[in-house]
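Worksheet for the structure shown next.
What's counted below: heavy atoms across the whole structure, side chains too, no hydrogens, waters or symmetry copies. First the proteins, then the strands, lettered A, B, ... as listed; each starts at 1.
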Number of protein chains: 2
Amino acid sequence: MSASTAPTRADLLALLAVITTAQWQDFGAAAARHGLTAMQAKVLSQLDNGPLPMRAIAERLVCDASNITGIVDRLESHGFVHREVSPSDRRVKNVVTTDSGRDTIRRVRAEMRATHGALDALGEAERASLYDMLDRMRPIMESRGQL
Amino acid sequence: MSASTAPTRADLLALLAVITTAQWQDFGAAAARHGLTAMQAKVLSQLDNGPLPMRAIAERLVCDASNITGIVDRLESHGFVHREVSPSDRRVKNVVTTDSGRDTIRRVRAEMRATHGALDALGEAERASLYDMLDRMRPIMESRGQL
DNA sequence: TATTGTTATACTCTATAACTATA
DNA sequence: TATAGTTATAGAGTATAACAATA
């Protein structure tokens, strides 16, 4: 239980892989309960802070822009989002969440039970400490991850 | 930088999502450099500790057994694994990595640069502490994630 | 000319259901 | 009967290339 046995970097990598896999599966399961795929939920999640052009969504998901057409098509057919031609540049289409879309993605996030439960296994001070460490890892994960 | 501003659980969830996404993308990019998809690399990874029946691979990947047929087909066509009928139960096929498969997946893991870099951003004592925390989160992530 | 979004295409991953060969 | 693996099918995500509309 204690870390007195000096875990190696490989141990940490393996643990991170477990957390990564569990969180992604948990997210997919929560999305499925609301009729969404994991990718659809991820796109909806990106839109929670305001509308985004198709191109911007592709950049955030680190995938080709052509993929977004289909994902947004399916979200739109379920009434979770709609497209609006940008007034300033008629080539651009802004994707906007509907009230239904906003409510749904918030429920999905609220239902990520495994992750919530795992965080509750830590005390208040430990959570702050974990946040501190992850926050310092973040820039490196983000910057190199975009390659 | 310090956590004195009392990060909320939502902050932690958002950070974990960033780490999760970055690590998965990093893994996929490393796999692609060696001609593998992320799922093929994940299967190869499971086999590094010894052969496994098709069914056991499906359980570890938390997916239907029928998917494994195709993934192993593609791994086999590239010479990374081969199937062996089990001597004790002729219904069972054990999947065994070739030398090429073993070398390749080890290179993939060694090349997970973003994750390695992020871990290196922490000091020795911090890595031990992070390991300790993640290790306590693990049982909950795993148990509920398998639903 | 360059950019945004779409379409067409091909491949991979995924679940479901039906099938086979073993047990 | 039950189990291991396969096949068939359909839907979704992915990259590439070519295209229309707009800048």
Counting primed atoms, P, OP1 and OP2 as sugar-phosphate and everything else as base, the B/S/- map of nucleotides 2-10 of chain D against protein heavy atoms under 4.0 Å is BBBBBB---
DNA chain C: first to last nucleotide in contact with chain B (atom under 4.0 angstrom from a heavy atom), 5' to 3', is C/dT12 to C/dA23
Sorted by chain and residue number, the salt bridge (Lys or Arg N to Asp or Glu O under 4.0 Å) partners of A/R107 (sequence neighbours excluded) come out as none
Residues joined to B/V95 in its hydrophobic cluster, side chain to side chain under 4.5 Å directly or through other members, sorted by chain and number, are B/W24, B/F27, B/L36, B/M39, B/V43, B/L44, B/L47, B/L52, B/M54, B/I57, B/L61, B/I68, B/I71, B/V72, B/L75, B/F80, B/V81, B/I105, B/V108, B/M112
Under a side-chain separation threshold of 4.5 Å, the hydrophobic residues clustered together with A/V85 are none
Sorted by chain and residue number, the side-chain contact (heavy atoms from CB on, under 4.5 Å) partners of A/V92 (sequence neighbours excluded) come out as A/P53, A/S86, A/D89, A/N94
Mind checking side-chain hydrogen bond (donor to acceptor under 3.5 Å, both in side chains) for [X] and listing every partner two or more places apart, or none if nothing turns up?
X	value
B/S77	none
B/Q23	A/T20
A/T69	none
B/H34	B/E111

How close or far is atom [atom2] of [N] from atom [atom1] of [X], stated in whole angstroms?
X	N	atom1	atom2	answer
A/L75	D/dA12	CG	C1'	12 Å
A/L61	D/dA15	CG	C1'	15 Å
A/I57	D/dT14	CD1	P	13 Å

Residue pairs passing the salt bridge (Lys or Arg N to Asp or Glu O under 4.0 Å) test with at least one member in residues 39-50 of chain B, sequence neighbours excluded, are B/D48-B/R106, B/D48-B/R109
Thinking salt bridges, do B/R83 and B/D73 make one under a 4.0 Å N-O criterion?
yes
Residues in residues 41-52 of chain B with a heavy atom under 4.0 Å of DNA chain C, by number, are none
